[in-house]
Amino acid sequence: MVDSVVELDRVIVRFAGDSGDGMQLVGDRFTNLSAAFGNDLATLPDYPAEIRAPAGTLPGVSAFQVHISNHDIVTPGDFPDVLVAMNPAALKANLVHVKPGATLIVNADAFEERNLAKAGYEQNPLEDNSLADYTLYKIPMTTLTIEATKPTGAKPRDAERSKNFFALGIVSWMYSRPFEPTLEWIGKRFSARPELAEINTLAFKAGVNFGETTEIFGHAYEVKPAKLDPGTYINITGNTGLAWGLIAASKLSGLDLFLGSYPITPASDILHELSKHKNFSVKTLQAEDEIAGVGAALGASFGGLLGVTTTSGPGMDLKAETIGLALQLELPLIVIDVQRGGPSTGLPTKSEQSDLLMAMYGRHGESPLPVIAAKTPSDCFFVAIEAARIAIKYRTPVVVLSDGYLANGAEPWKLPDCDLLAEIDPKFSREPNGEHPDGSPAFFPYLRDPETLARPWAPPGTAGLEHRVGGLEKADVTGNVSYDPENHEHMIRVRAAKVAGIANELAPLEVDDPDKAKVLVVGWGSTHGSIVGAIRRVRANGGAVAHVHLTHMFPLPRDLGDILRRYDRVIVPELNTGQLSKVLRAEYSIETIDVNKIQAQPFKVGELEEAFAREVFGA
Amino acid sequence: MTDTLIPTTTRKDWTSDQEVRWCPGCGDYSILAAVQMLMPDLGIRRENTVFISGIGCAARFPYYMNTFGMHSIHGRAPAIASGLALARPDLSVWVISGDGDALSIGGNHLIHALRRNVNLNILLFNNQIYGLTKGQYSPTSEAGKVTKSTPFGSLETPFNPMSLALGAEATFVARTHDMDRKHMMEMFRRAHAHHGASFVEVYQNCNVFNDGAFEEILSKDVRSDMLITLEHGKQIRFGADGQFVVVSDGNGGVKIALAQEVEDSEIIVHDEHNPNPALAFALSRLASGPHSPTPIGVFRDVVHPEYGDQMADQIQRALDSKGPGDLNSLLRSAGATWEVH
């Protein structure tokens, strides 16, 4: 028996196994347990594009990393303290993420000749002393799971599949997690299949008991709840945040939501989530392709609904022409790009920030449109609302950039009071806005609001406002087809001025600079957590470094230029080859120091710390 | 939507102030006239009527209608119109398309709009040529067609739009031509009356790049022998004296026979409402192009659940069981929440 409990500030656990081993599921369970327990946390699912690559092979390895702590944390952590490896391939593929001294919990049963060969091991690493630098626990999880579930009469083949719950049981015990929520969850999840509920329950309990009764573990650990602001919390992923934000925007604007979308990783969960909430009058259409998805959304916008399409990089390529049409029609449209590794099919399940320049410039002709980016999973909720606000107010398509890391990563979110969110007035045209030469009332669809330069939005249904729009160049005011050269230049400039004018209403940027630093870090999107984590470490070492994080990527905030020029050095960390950096150099004629990573993985805090420290402390 | 106070209108009310800019003599003029003349009869309001087009000569159509309209992008009109019709089931939504727009670049959207049975009226102006890009072959051009892009003749088998629509599970399929305003108006009226996706192919002459493409069946002197007018519940007969009939060919298809040489009972009676599209398909294969006797009229008109109605049903059921959505509850009900004190 173990009787001592050691308290820890934080711990990083990585569950790794075959795609079919249920690692995402147990990772998710452990996350929810820890969230409910009151820890702060961040997660990183890391799974292959193949649904089930050949069992036991390296490409088939699926992992889930969760970082839990008793204080505010911002990333899923650089290096796991504990790696749970269900087979040799999982061990081999994930050992690179684990530093010596860490704990390895492996399913010893899986380390037999065939699996070792599939993973490319010539010798069994559990036996050859190659893991001597780690604290290694070899546990026959398969055998113990089968043994524990024998009373149910389950066939070994079926029982064996519950070994992920055995592993969850061990880790739950190790970190003093409450067991009840998991047992309740199993009961609910498998309520239709009581026999599976029983097997999984027994497997989980066996894992817990194994930790408690065997003497192989020195002690259990405890990570106390974090001191978070009082309130109601939920664990949220970026995709859920976007879906809920869109529903919120629909409520706030009084416009029914219409989603036209084609399934694509890692954006599909937004479609799934929105499809559930029909009692919010959400209409979802799974279209025949990406083009039809955005086309249907634009058609809905023309009809006076809040039209949205969701996709990832390859889908953005296909939607470009329709986004250009929306820009020319000057209708509200929200385009969500959950970025993944590119080019082409690239790395579908991994994360990258490589679509920024495409979002800004990826259309033919002079076609500027607003681009905004979410920085955390919970920020996705607010960014979706902001996108709707801009789209509706300025009658323009808006591109929202998220990425695979935000999409699937989770963090605790203190729920806002939605009654306090600002309403969005669609300001539909209800009557004619001008006169024909003969004095009769006329409707001019391109007669702009002098302040915002937005054109009237008059969906079908109001007599006297009938009008035609289209992709051909519009005559100013009347919206009739025009080939007039002067008019074309005027329209190009006025559309650009309208979008540029959005910057006028942006709140001043918040610069985090407590120490009057000379070095500024400019970030955008999902690198927020890693940047903040690295900055904390640099400051803890006595360094002064400032941070500004951009949400509005186009147009850029008015005060950004002045902020940039206040610092001697500007570091721009990006998960691409330097796309924002290129924009900043072009826009403000400044020098930037690029920190780039293009491995379709988030920055490790340590990587950024090193890069920042180099500039702050000198080489 | 039923509305008893629809104002009386004339063709003029449905005609926009924009100058029509098709080539003089283009078949599109007569189609436009047929639509503008029909509209006052349909019992719909101009403000609730929308014409959506893609790209091509036909696609200029919405500019000439004094309704709501959108001249969109090449091939995508069925997708955009689907979104509009699902968003706004109260509207009468018309898609205007050509053979390149609907069958080449937009083929995918067309077949999916048809199978989904979204409440749209899709008019395909088929002139068997690319007009706006000045005379390349189209997906309905006959094999061997010599054009600028096929100086040695096209190598492609053309689509048969009727067969394609029937194969795509369309619930309303009809064909008409630009030389017969009355017939066009009747087909458009029927398309409007059909609840679901209606597909009407209009043989349309392009007098600049493909003049006379339909002359073999449409010139006045041959029409009675070359057009087979389908009428529901009636034997399929044609010819000046009704001397030709359509009978089974004994091989799953249909063929033309002389009335005097077959039993009366062998003559096929046209049934638009037959749930099995096989016979309609066989009729669509009777002519392989506008060179031999060709059926016009309604090939198929069957009742099938409309997509928007079903979408509305699902929403209504969710509202009935859960009540109108509340944002704060949504955030607090979807997953496990916890309190920090």
Worksheet entry | Which portion of A:Val294 sits near chain B, non-hydrogen atoms under 4.5 angstrom | neither
Fill in: Heavy-atom proximity to chain A below 4.5 Å, by part of B:Phe51
neither
Item to complete: Tell me, for A:Asp229 versus chain B, whether the close heavy atoms (under 4.5 Å) come from the side chain, the backbone, both or neither.
Response: backbone
Practice prompt. Pick one of side chain, backbone, both or neither for A:Thr462, based on which atoms fall under 4.5 Å of a heavy atom in chain B.
Written response: backbone
Practice prompt. Let me know if B:Gln18 has heavy atoms under 4.5 Å from chain A in its side chain, its backbone, both or neither.
Written response: side chain
Item to complete: Mind checking the CG-SG spacing from B:Asp326 to A:Cys418? Nearest 0.5 Å is all I need.
Response: 8.0 Å
Worksheet item: Roughly how far apart are A:Lys276 NZ and B:Leu330 CG, rounded to 0.5 Å?
Response: 9.5 Å
Worksheet entry | A:Glu423, CD: over 12 other non-hydrogen atoms inside 6.0 angstrom | no
Fill in: Which portion of B:Met311 sits near chain A, non-hydrogen atoms under 4.5 angstrom
side chain
Response to the item:
In this structure, CD1 of B:Ile80 is separated from CG of A:Leu325 (nearest 0.5 Å) by 5.5 Å
Discussion item. Quick check for you: to the nearest 0.5 Å, what is the distance between A:Asn235 atom CG and B:Thr337 atom OG1?
Written reply: 11.5 Å
Discussion item. For B:Tyr130, I'd like to know if atom OH has over 12 heavy atoms of other residues, nucleotides or ligands within 6.0 Å.
Written reply: yes
Worksheet item: What part of B:Arg317 is in contact with chain A, defined as an atom under 4.5 angstrom from a non-hydrogen atom: side chain, backbone, both or neither?
Response: neither
Worksheet item: Is chain B contacted by the side chain of A:Thr322, its backbone, both, or neither, given a heavy-atom distance below 4.5 Å?
Response: both
Discussion item. Quick check on A:Ala297 against chain B: is it the side chain, the backbone, both or neither that has a heavy atom closer than 4.5 Å?
Written reply: neither
Worksheet item: Which bit of A:Pro225 is near chain B, if near means a heavy-atom gap under 4.5 Å: side chain, backbone, both or neither?
Response: neither
Worksheet, complete the sentence: Turns out that what part of A:Trp185 lies under 4.5 Å from chain B's heavy atoms comes down to neither
Item to complete: Measure B:His109 against the heavy atoms of chain A and call it side chain, backbone, both or neither at under 4.5 Å.
Response: both
Worksheet item: Just how far is it from atom CZ of B:Arg46 to atom CD of A:Glu466, taken to the nearest 0.5 Å?
Response: 4.5 Å
Practice prompt. Hey, can you tell me if B:Phe68 and A:His467 have their rings parallel, tilted or perpendicular (30° and 60° cut-offs)?
Written response: perpendicular
